[in-house]
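A quick write-up on the structure given underneath.
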Amino acid sequence: MRILDYDVIVAGGGLAGTVAAQAVARYADGASILVIDRSPPFMPGRKSVSGWICGDAVSKEAVDYMSEKIRVSWGEPEIEHKVKGVMAFSPDKSTAIPFDGDGYMLNRQLLPERQNQRAIDMGVQFDYEINLTGLMYDNGQVVGVTGIDKSKNIYKRSCKVVVDATGMTSMLRNQISNTDKMERKVDRQDVESTGRHIMYFEKGERDLTEFDPDYCIIHLDQDIAPGGYGWVFPKGDDKVNIGLGVEKTLLTKRNKRLKRNDNVTTLIEEYVQRNRAIKNPRLSTDQEDINNATGNFQVSVRRQNDCLVAGGFILVGDSAWMPKPLDAGGIGPALVAGTIAGKCIAEALEAGDTSEAGLWKYNKEFINEYGYKTAGLEIFRRLIQTLSNEQINYGMKHFLKNLDVEAISKGEHPDFGTLGKLGMIIRGALNKRLADGLRFTSKQNKKLTAHYYNFPDTPDGFTDWHKRLHQVLDESNTNLKKYQ
């Protein structure tokens with residue numbers, strides 16, 4: 001029998017990876033776990049040379065889920081600021097929708113330091129400054145990773161399970177060769193180009209639609225952030241994470257419509273300057289932000305990968321395209337996925353079966369906890385991206401009722417049930433088309449949610465399930481064109 005270096009190797013030392021490592025350590029007593037990260041020890045889990053570029057927000061619910069399951073608590077100073085929720089404003093700011101509930105603004109430079117130390121205290125080992133380039137196989141099973149260390153030497157480590165937490169463009173997932181179930185590439189239209197600054201400022205005009213120390217603010221506006229949204233997330237009374245995201249093809253259309261030549265960077269600068277509540281903003285020079293004050297990044301806005309496992313291999317976080325399709329929030333689903341993945345890996349180790357079938361339960365548990373809603377939200381996001389500011393204003397003001405707002409607040413697809421009732425007055429052909437589109441996405445969401453809850457218990461049923469999924473998705477995308 002081949003002697004392996006570790007039971008579990010986690011590729012990528014960000015939040016998804018380290019939570020997965022902690023969960024394995026919690027559920028699999030005595031398991032040997034190695035986290036491999038490309039960054040140096042003083043910048044663990046860094047997304048890029050710009051730092052840990054992110055909106056920094058996460059719901060209390062997601063953090064509590066992780067903490068209760070693996071008994072790892074977060075506190076100050078990694079939790080930098082507490083908020084009461086998120087408020088999404090229409091372009092004219094006359095309508096606001098609350099969602100997500102209580103949450104935290106995280107310090108993404110301090111959090112990894114404390115997160116990694118907690119993992120080390122739980123027995124997890126780390127190798128830094130390793131660029132992973134591929135996977136090792138044995139009889140159709142992933143049994144380790146290969147790469148290059150900081151001295152340009154060949155690096156190889158073997159294991160029973162590899163957890164891929166290396167990010168949206170994962171080289172490991174892209175090269176996976178022991179499965180045809182896992183998607184390898186993300187479609188460009190399912191990616192948002194985003195960027196943000198962490199800034200201190202002097203108080204300007206008091207305007208809670210522009211800055212609110214108690215709420216994360218989202219601005220829906222196709223001129224400011226075409227196909228995405230702008231955000232103003234408080235990190236204190238005079239400190240903010242401010243940025244925006246766009247869909248590239250819609251930015252091109254917006255530039256043509258407005259006769260502009262903007263990119264993400266110029267849009268952000270204009271977005272900061274137009275905020276009347278923020279006066280004399282300046283990039284943070286705090287030690288805990290020094291490597292993280294500004295930067296751009298790419299984030300997926302689609303359902304998670306249709307299959308999250310292969311023999312000896314599991315996807316978590318951005319590698320699995322887990323950020324929420326509507327708001328690109330990735331920390332919450334990463335915490336949930338890492339927790340579930342670690343538990344399922346521990347059970348597979350205990351059973352002595354880390355094959356595709358032995359790890360399959362992870363697919364089901366993630367879907368039942370979180371992933372059931374993402375395909376429907378992907379369709380909803382595609383509709384919203386086609387709307388004009390006037391349609392967004394009208395829809396948020398007239399079509400969203402209490403039950404719909406409640407659904408959105410839980411991260412669910414709104415039902416739009418009232419749109420079918422007699423007596424609804426809808427002015428204008430564009431808004432009638434919008435109402436039809438909203439009804440259609442609601443109907444498709446119900447189909448997709450039911451379909452995800454029927455995810456197969458074993459790999460044998462995946463082909464038929466996957467075929468039906470893409471029939472519904474193709475039907476949805478074709479029909480959405482009618483409402484544009």
Side-chain angles (χ1 to χ4, degrees), residues 2 4 7-11 16 20 23-24 27-28 134-145 158-166 170 172-186 302-317 319-322 333 336-375 378 447-474:
R2 179 176 181 175
L4 301 175
D7 291 314
V8 179
I9 289 176
V10 178
V24 174
Y27 288 108
L135 297 165
M136 298 192 295
Y137 298 88
D138 185 14
N139 291 324
Q141 182 87 354
V142 173
V143 293
V145 294
S158 60
C159 63
K160 298 174 183 175
V161 181
V162 172
V163 178
D164 182 358
T166 58
S170 167
L172 304 185
R173 183 202 62 236
N174 290 353
Q175 297 179 37
I176 191 80
S177 64
N178 67 335
T179 181
D180 59 1
K181 298 180 179 68
M182 186 177 289
E183 298 169 280
R184 289 156 180 77
K185 303 283 188 179
V186 64
R302 52 156 281 171
R303 68 197 185 279
Q304 68 277 353
N305 200 302
D306 293 343
C307 179
L308 301 173
V309 307
F313 187 75
I314 271 185
L315 298 173
V316 295
S319 295
W321 309 321
M322 286 180 174
V336 171
T339 300
I340 294 172
K343 181 179 77 71
C344 291
I345 290 169
E347 291 172 357
L349 292 173
E350 176 67 22
D353 181 7
T354 57
S355 66
E356 178 185 65
L359 297 171
W360 193 258
K361 185 180 180 182
Y362 169 54
N363 277 316
K364 291 277 292 185
E365 293 205 7
F366 179 76
I367 284 171
N368 289 341
E369 183 63 39
Y370 184 90
Y372 65 88
K373 58 191 173 184
T374 57
E378 177 184 324
K447 285 185 188 178
L448 288 163
T449 299
H451 188 61
Y452 267 86
Y453 276 134
N454 285 323
F455 191 88
D457 293 324
T458 65
D460 293 342
F462 181 79
T463 299
D464 289 342
W465 180 90
H466 188 251
K467 182 179 179 180
R468 177 56 184 156
L469 170 65
H470 282 269
Q471 286 174 345
V472 178
L473 292 174
D474 291 345

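When a residue number appears, it is its place in the shown sequence, counting from 1.
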Are [X] and [Y] within salt-bridge range, i.e. N to O under 4.0 Å?
X: Lys160; Y: Asp7; answer: yes
X: Asp457; Y: Lys364; answer: yes
X: Arg303; Y: Glu183; answer: yes

Would you mind reporting whether [Y] and [X] have side-chain heavy atoms less than 4.5 Å apart?
X: Cys159; Y: Leu4; answer: no
X: Leu135; Y: Gln175; answer: no
X: Val163; Y: Ile9; answer: no
X: Val145; Y: Met136; answer: no
X: Trp321; Y: Arg302; answer: yes
X: Val10; Y: Val8; answer: yes
X: Thr463; Y: Lys467; answer: no
X: Phe313; Y: Ile176; answer: yes

| request: Take Lys185 and Asn174, measure what side-chain contact (heavy atoms from CB on, under 4.5 Å) needs, and give me the verdict at the end. | output: CA-CA 6 Å; Lys185 303 283 188 179; Asn174 290 353; 3.6 Å; yes
Spell out, as yes or no, whether a donor-acceptor pair under 3.5 Å connects the side chain of [X] to the backbone of [Y].
X: Tyr137; Y: Ser177; answer: yes
X: Asn178; Y: Gly140; answer: yes
X: Arg173; Y: Ala320; answer: no
X: Thr354; Y: Ala348; answer: no
X: Asp353; Y: Leu349; answer: no

Heavy-atom closest pair, residues [X] and [Y]:
X: Ala23; Y: Lys343; result: CB-N, 4.3 Å
X: Ser170; Y: Asp164; result: OG-OD2, 2.5 Å
X: Val24; Y: Gly342; result: CG2-CA, 3.6 Å
X: Gln304; Y: Thr374; result: OE1-OG1, 2.7 Å
X: Ala11; Y: Leu172; result: CB-CD1, 3.7 Å
X: Pro459; Y: Ala357; result: CG-CA, 4.0 Å

Distance, nearest 0.5 Å, that separates [atom1] of [X] from [atom2] of [Y]:
X: Asp306; Y: Asn363; atom1: CG; atom2: CG; value: 9.5 Å
X: Asp464; Y: His466; atom1: CG; atom2: NE2; value: 12.0 Å
X: Glu347; Y: Lys361; atom1: CD; atom2: NZ; value: 3.5 Å
X: Ile314; Y: Ile340; atom1: CD1; atom2: CD1; value: 11.0 Å
X: Leu473; Y: Leu448; atom1: CG; atom2: CG; value: 5.5 Å
X: Ile345; Y: Glu350; atom1: CD1; atom2: CD; value: 14.5 Å

| note | Only one of Ile367, Leu315, Val316 passes side chain to side chain contact (heavy atoms under 4.5 Å, CB included) with Tyr362, and that residue is Val316
| task | Would you sort out whether Ser355 and Gln141 count as a side chain to side chain donor-acceptor pair (under 3.5 Å), showing the intermediate values? | result | CA-CA 7 Å; Ser355 66; Gln141 182 87 354; 5.6 Å; no
| Passing option when Phe455 is tested against Trp360, Tyr372, Phe366 for ring-ring contact (aromatic ring centres under 6.0 Å, His included) | Trp360
| query | Quick check: are there more than 12 heavy atoms from other residues, nucleotides or ligands sitting under 6.0 Å from CG of Asn139? | reply | no
